[in-house]
**Q** 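Encoded as structure tokens, here's the structure I'll be asking about.
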Amino acid sequence: MAKLHDLDSSSTHDRIQAYADVIQETLLEYAENDPRLAGMGTTLTCAHAIGSDIVIAHVGDSRAYHFRDGQVQQVTRDQTLAQDLLDAGMPARDTLRFRHILTNCFGGDAREVRSEVYHLRLQHGDAILLCTDGLSDLIDDFEIAQVLEAEAPAQAACNRLVQMALDRGGKDNITVVLGRFRAEVAEGAGA
């Protein structure tokens, strides 16, 4: 079984970027063949677990969150004009109207896409949540943490988060995927 430390981090990113390039080329071809698709863009945030390591690939404004010990932390960085303006020091309230302007996405008008790659080492009890902005626009980090803490089965937590977003008027795509990490205890290990 491969372990993440066996792979060179730059070669991992290069592989992910190569996949991103193929996705981008395919979507641009679709848009060339169907004018209704011209200018449309989409995002991708995905995760791959290798033992206790997790690799997250990210393009756009869908998000990955890491949950540990009752706290949730956003792993990915939104690739939006709003985030760029926040990074430049603009007050958050002044960036709201720019939060859906993507600076990097699949499809759209750009010929190239840049993938970002993140690596985390998970501990027993951790969780990784992947979601679209249909959730993150309506449910804050504290509320996400509360649901992940209260709802043990992953599907129950996903259902609860989606329902909360719908109850708040969610009209955008609300996609939520949750993986909980359970470390295997060696047989015969004492407790």
Side-chain angles (χ1 to χ4, degrees), residues 9-49 54-66 74-119 128-141 144 154-155 157-179:
S9 63
S10 66
S11 69
T12 300
H13 184 271
D14 291 347
R15 282 175 159 181
I16 290 170
Q17 184 61 50
Y19 287 120
D21 292 342
V22 170
I23 293 168
Q24 178 71 347
E25 289 171 20
T26 302
L27 290 176
L28 292 176
E29 281 179 30
Y30 278 120
E32 286 175 15
N33 294 324
D34 186 345
R36 296 173 301 160
L37 303 177
M40 290 183 141
T42 192
T43 66
L44 173 71
T45 300
C46 60
H48 180 73
I54 193 153
V55 175
I56 297 168
H58 172 71
V59 172
D61 66 349
S62 292
R63 291 182 176 177
Y65 290 95
H66 179 211
Q74 184 177 337
V75 176
T76 54
R77 179 187 175 281
D78 293 345
Q79 297 172 339
T80 61
L81 182 55
Q83 186 62 56
D84 290 348
L85 294 170
L86 282 169
D87 293 348
M90 184 178 278
R93 68 183 176 281
D94 295 338
T95 68
L96 290 177
R97 65 180 176 214
F98 304 112
R99 68 181 178 190
H100 294 292
I101 300 174
L102 296 170
T103 56
N104 186 43
C105 68
F106 287 110
D109 297 324
R111 298 309 295 170
E112 295 182 8
V113 67
R114 330 173 288 294
S115 61
E116 291 181 354
V117 178
Y118 303 86
H119 167 244
I128 296 295
L129 176 83
L130 307 177
C131 67
T132 58
D133 60 351
L135 181 82
S136 59
D137 282 352
L138 298 170
I139 310 298
D140 67 31
D141 294 3
I144 291 171
Q155 188 61 56
C158 290
N159 292 346
R160 177 71 184 121
L161 289 167
V162 169
Q163 190 59 55
M164 288 171 67
L166 290 171
D167 290 347
R168 293 180 186 176
K171 293 180 174 78
D172 200 354
N173 172 20
I174 306 168
T175 301
V176 182
V177 177
L178 177 65

**Q** What heavy-atom pair brings Ile54 and Ala47 nearest, and what distance separates the two atoms?
**A**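 Taking Ile54 first and Ala47 second, the nearest heavy atoms are CD1-CB, 3.8 Å.
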
**Q** Taking only residues at least two apart or on different chains, which pairs with a member in residues 19-31 satisfy salt bridge (charged side-chain N to carboxylate O under 4.0 Å, His left out)?
**A**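 Listed by first then second residue: nothing to list.
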
**Q** Within a strict 4.5 Å, meaning less than it, do heavy atoms of the Ser115 and His13 side chains meet?
**A**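 Yes; the side chains approach each other to less than 4.5 Å.
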
**Q** Are side-chain heavy atoms of Ile56 and Thr76 found at a separation under 4.5 Å?
**A**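 With C-beta onward as the side chain, the pair touches.
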
**Q** Could you grab the distance from atom CZ of Arg168 to atom CG of Leu135, nearest 0.5 Å is fine?
**A**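 Answer for the CZ-CG pair, Arg168 versus Leu135, is 9.5 Å.
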
**Q** Quick one: closest heavy-atom pair of Leu81 and Thr103, and the distance?
**A**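 In terms of heavy atoms, the two residues are closest at N-CG2, 3.5 Å.
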
**Q** I need the full list of salt bridge (charged side-chain N to carboxylate O under 4.0 Å, His left out) pairs touching residues 97-110, with sequence neighbours left out, sorted by first then second residue.
**A**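 Listed by first then second residue: nothing to list.
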
**Q** Once rounded to the nearest 0.5 Å, what's the spacing between atom CD of Gln24 and atom CZ of Arg114?
**A**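 So the gap between those two atoms works out to 11.5 Å.
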
**Q** Would you mind reporting whether Asp84 and Arg77 have side-chain heavy atoms less than 4.5 Å apart?
**A**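 Arg77 vs Asp84: side chains touch.
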
**Q** For a 4.5 angstrom cut-off between non-hydrogen side-chain atoms, does Asp172 reach Asp133?
**A**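 Side-chain contact under 4.5 Å: yes.
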
**Q** Can you find a heavy atom in the side chain of His66 that is under 4.5 Å from one in the side chain of Ile128?
**A**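 The answer is yes; the side chains approach within 4.5 Å.
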
**Q** Enter the distance from Leu130:CG to Thr45:OG1 here, rounded to the nearest 0.5 Å.
**A**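 Nearest 0.5 Å value for the CG-OG1 distance: 7.0 Å.
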
**Q** Rounded at 0.5 Å granularity, tell me how far CZ in Phe106 sits from CG in Leu27.
**A**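 Interatomic distance, Phe106 CZ to Leu27 CG, rounded to 0.5 Å: 7.5 Å.
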
**Q** Any chance you could measure Leu129, atom CG, to Ser136, atom OG, to the nearest 0.5 Å?
**A**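 Those atoms lie 9.5 Å apart.
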
**Q** Quick one: list whatever passes side chain to side chain contact (heavy atoms under 4.5 Å, CB included) with Thr80, sequence neighbours left out.
**A**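 Partners of Thr80 under the side chain to side chain contact (heavy atoms under 4.5 Å, CB included) test: Asp61, Asp78, Ala82, Gln83, Leu102.
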
**Q** With sequence neighbours left out, what residues match Asn159 under side chain to side chain donor-acceptor pair (under 3.5 Å)?
**A**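 Applying side chain to side chain donor-acceptor pair (under 3.5 Å) to Asn159 gives Gln155.
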
**Q** Report yes if the side chains of Leu166 and Ile174 come closer than 4.5 Å at any heavy-atom pair, otherwise no.
**A**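 A side-chain contact exists here, since the closest heavy-atom pair is under 4.5 Å.
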
**Q** Answer yes or no: does atom CE of Met164 have more than 12 heavy-atom neighbours from other residues, nucleotides or ligands under 6.0 Å?
**A**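 Result for CE/Met164: enclosed.
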
**Q** Report the distance from atom CD of Gln74 to atom SG of Cys131, rounding to the nearest 0.5 Å.
**A**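 The CD atom of Gln74 sits 8.5 Å away from the SG atom of Cys131.
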
**Q** Taking all non-hydrogen atoms of both residues, which atom of Ala165 and which atom of Leu138 are closest, and how far apart?
**A**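 The pair with the smallest heavy-atom distance is O-CD1, 3.5 Å.
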
**Q** Decide yes or no for Gln79 and Thr43: does some side-chain heavy atom of the first lie under 4.5 Å from some side-chain heavy atom of the second?
**A**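 No - every pair of side-chain heavy atoms lies 4.5 Å or more apart.
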
**Q** Quick one: list whatever passes side chain to side chain donor-acceptor pair (under 3.5 Å) with Thr175, sequence neighbours left out.
**A**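 If we apply the side chain to side chain donor-acceptor pair (under 3.5 Å) test to Thr175, skipping adjacent residues, the hits are Asn173.
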
**Q** What's the shortest heavy-atom distance between Thr42 and Cys105, and which atoms?
**A**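 Minimum heavy-atom separation between Thr42 and Cys105: O-CB, 3.4 Å.
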
**Q** Quick check: closest heavy atoms across His58 and Tyr118, and the distance to 0.1 Å?
**A**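 Shortest heavy-atom contact: CB-CE1, 4.0 Å.
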
**Q** Filter on salt bridge (charged side-chain N to carboxylate O under 4.0 Å, His left out), then keep only pairs touching residues 32-45, sequence neighbours left out; what's left?
**A**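 Qualifying pairs: Glu32-Arg111, Asp34-Arg36.
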
